[in-house]
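This report refers to the structure that appears directly beneath it.
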Amino acid sequence: QVQLVESGGGSVQAGDSLRLSCAASGGTFSSYTWAWFRQAPGKEREFIAALKWYAGMTDYADSVKGRFTISRDNAKNTVYLQMNSLKVEDTAVYFCAGQYRSLVRRDAGWYNYWGQGTQVTVSS
């Protein structure tokens with residue numbers, strides 16, 4: 001059973017940067033497609049970025065393209081989300097998710113494994 005633990009959230013000013021981490025355990029890390037989602041109060045969970053388990057294919061939501069970068073460190077079993085030029089509208093709980101040997105998908109229901117989330121608050 002794969003377990004995911006996110007960290008790195010916090011409160012920042014607009015324009016600042018944060019790097020979220022998602023530590024995975026219990027599975028063959030390199031065989032999973034990893035994704036980041038976020039959920040703001042009163043809103044549905046929103047796809048942010050995904051990284052395919054091989055060939056390094058990535059996908060980003062238009063709202064974060066050019067500002068956020070998803071990456072992985074197979075030696076550390078960790079997925080990262082580098083967030084630059086943060087905006088107030090990026091405020092949300094951020095979740096990492098994983099699916100074994102998967103295509104890159106944007107629908108939250110596709111992913112079997114989820115972390116508990118980490119809060120990101122961006123103020124103006």
Side-chain angles (χ1 to χ4, degrees):
Q1 186 74 5
V2 175
Q3 294 183 324
L4 305 176
V5 179
E6 300 98 334
S7 61
S11 296
V12 297
Q13 298 286 320
D16 286 350
S17 297
L18 275 178
R19 188 178 77 160
L20 305 183
S21 299
C22 174
S25 61
T28 304
F29 180 82
S30 60
S31 294
Y32 284 76
T33 288
W34 301 105
W36 287 93
F37 290 78
R38 67 187 180 189
Q39 189 165 18
K43 295 188 176 181
E44 293 187 354
R45 195 161 294 191
E46 174 190 17
F47 169 81
I48 296 301
L51 176 60
K52 194 174 181 181
W53 70 282
Y54 81 100
M57 176 186 172
T58 57
D59 186 27
Y60 294 92
D62 288 345
S63 59
V64 306
K65 197 173 293 184
R67 299 188 298 123
F68 290 11
T69 303
I70 187 172
S71 63
R72 65 196 299 164
D73 186 333
N74 288 343
K76 295 183 178 180
N77 287 0
T78 301
V79 186
Y80 301 101
L81 184 68
Q82 177 66 43
M83 306 187 295
N84 298 329
S85 302
L86 282 161
K87 303 177 181 180
V88 172
E89 52 264 42
D90 293 322
T91 295
V93 177
Y94 283 70
F95 299 89
C96 69
Q99 178 66 302
Y100 183 72
R101 292 193 174 184
S102 169
L103 298 174
V104 168
R105 293 282 296 264
R106 294 189 170 200
D107 45 322
W110 177 253
Y111 295 87
N112 281 344
Y113 303 103
W114 290 85
Q116 82 290 348
T118 185
Q119 176 71 47
V120 172
T121 302
V122 184
S123 57
S124 59

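The first residue in the sequence is number 1, and the count goes up from there. Quantities reported herein were computed from a predicted structural model and do not represent experimental measurements.
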Practice task
Report the C-alpha separation of D59 and R106 in whole Å, then their side-chain angles, then the decisive distance to 0.1 Å, and conclude whether the side-chain contact (heavy atoms from CB on, under 4.5 Å) test is met.
Solution key: CA-CA 8 Å; D59 186 27; R106 294 189 170 200; 2.7 Å; yes
Review point. Is V2 reachable from L20 through a run of I, L, V, M, F, W or Y residues, each pair having side-chain heavy atoms under 4.5 Å apart?
Key: yes
Q. Do the side chain of T91 and the main chain of V122 share a donor and acceptor less than 3.5 angstrom apart?
A. yes
CD1 of I48 to CZ of F68, rounded to nearest 0.5 Å, is 6.0 Å
Side-chain heavy atoms of Y32 within contact of Y113, under 4.5 Å
yes
Interatomic distance, OG@S25 vs CD@Q3, rounded to 0.5 Å, equals 5.0 Å
When rounded to the nearest 0.5 Å, the distance separating CZ of R72 from OG of S30 is 6.5 Å
Basic-acidic side-chain contact under 4.0 Å: D62, K65:
yes
Next on the checklist: Can you confirm whether E6 sits close enough to Q116 that some side-chain heavy atom of one is under 4.5 Å from a side-chain heavy atom of the other?
Outcome noted: yes
Residues A108 and W114: closest non-hydrogen pair is O-CZ2, 3.3 Å
Side-chain contact test, heavy atoms from C-beta onward, threshold under 4.5 Å: evaluate it for W110 versus Q99 and give yes or no. yes
Using the rule given for side-chain contact (heavy atoms from CB on, under 4.5 Å), can you reason through L18 versus L86, listing the C-alpha separation, both sets of side-chain angles and the distance that settles it, and then say yes or no?
CA-CA 8 Å; L18 275 178; L86 282 161; 4.1 Å; yes
Heavy-atom nearest pair, A92 first then A40, reads CB-N, 3.9 Å
d(S31 OG, Y54 OH) to nearest 0.5 Å is 12.0 Å
Practice item. Establish, yes or no, whether the cationic atom of R45 lies under 6.0 Å from the six-membered ring centre of F37 and within 45° of the ring axis. Key: no
Here the gap from T69 atom OG1 to L51 atom CG, rounded to the nearest 0.5 Å, amounts to 11.0 Å
Q. What orientation do F29 and W34 show, parallel under 30°, tilted 30 to 60°, or perpendicular over 60°?
A. parallel
inquiry  = So F95 and L4, do their side chains get closer than 4.5 Å, heavy atoms only?
reply    = no
| query | Is V12 reachable from Y94 through a run of I, L, V, M, F, W or Y residues, each pair having side-chain heavy atoms under 4.5 Å apart? | reply | yes
- request: Apply side chain to side chain donor-acceptor pair (under 3.5 Å) to the pair Q119 and T121, showing each step before the final yes or no.
  value: CA-CA 6 Å; Q119 176 71 47; T121 302; 3.3 Å; yes
Review point. Can you check whether F47 reaches D107 side chain to side chain, under 4.5 Å on heavy atoms?
Key: no
Closest non-hydrogen contact found for K43 with Q39 is O-NE2, 3.0 Å
- Any M83 side-chain heavy atom under 4.5 Å of V120 side chain: yes
Next item on the list: Output yes when D90 and R38 qualify as a salt bridge under the 4.0 Å nitrogen-oxygen rule, no when they do not.
Entry: yes
Exercise. Considering only heavy atoms from C-beta outward, does the side chain of W36 approach that of I70 to under 4.5 Å?
Worked result: yes
Would E46 and S63 count as a side-chain contact (heavy atoms from CB on, under 4.5 Å) here? Give the steps.
CA-CA 10 Å; E46 174 190 17; S63 59; 3.6 Å; yes
- Taking C-beta and beyond as the side chain, do V88 and S124 meet within less than 4.5 Å on heavy atoms? yes
### E89, CD atom: more than 12 neighbouring heavy atoms under 6.0 Å
yes
Q. Can a donor-acceptor pair be found between the side chains of S17 and N84 at a distance below 3.5 Å?
A. yes
message = Tell me if a side-chain donor or acceptor on T33 pairs with a main-chain N or O of K52 at a distance below 3.5 Å.
response = no
Check the hydrophobic clustering (I, L, V, M, F, W, Y; side-chain heavy atoms under 4.5 Å; chains of links allowed) and say if Y80 and V93 are grouped together. no
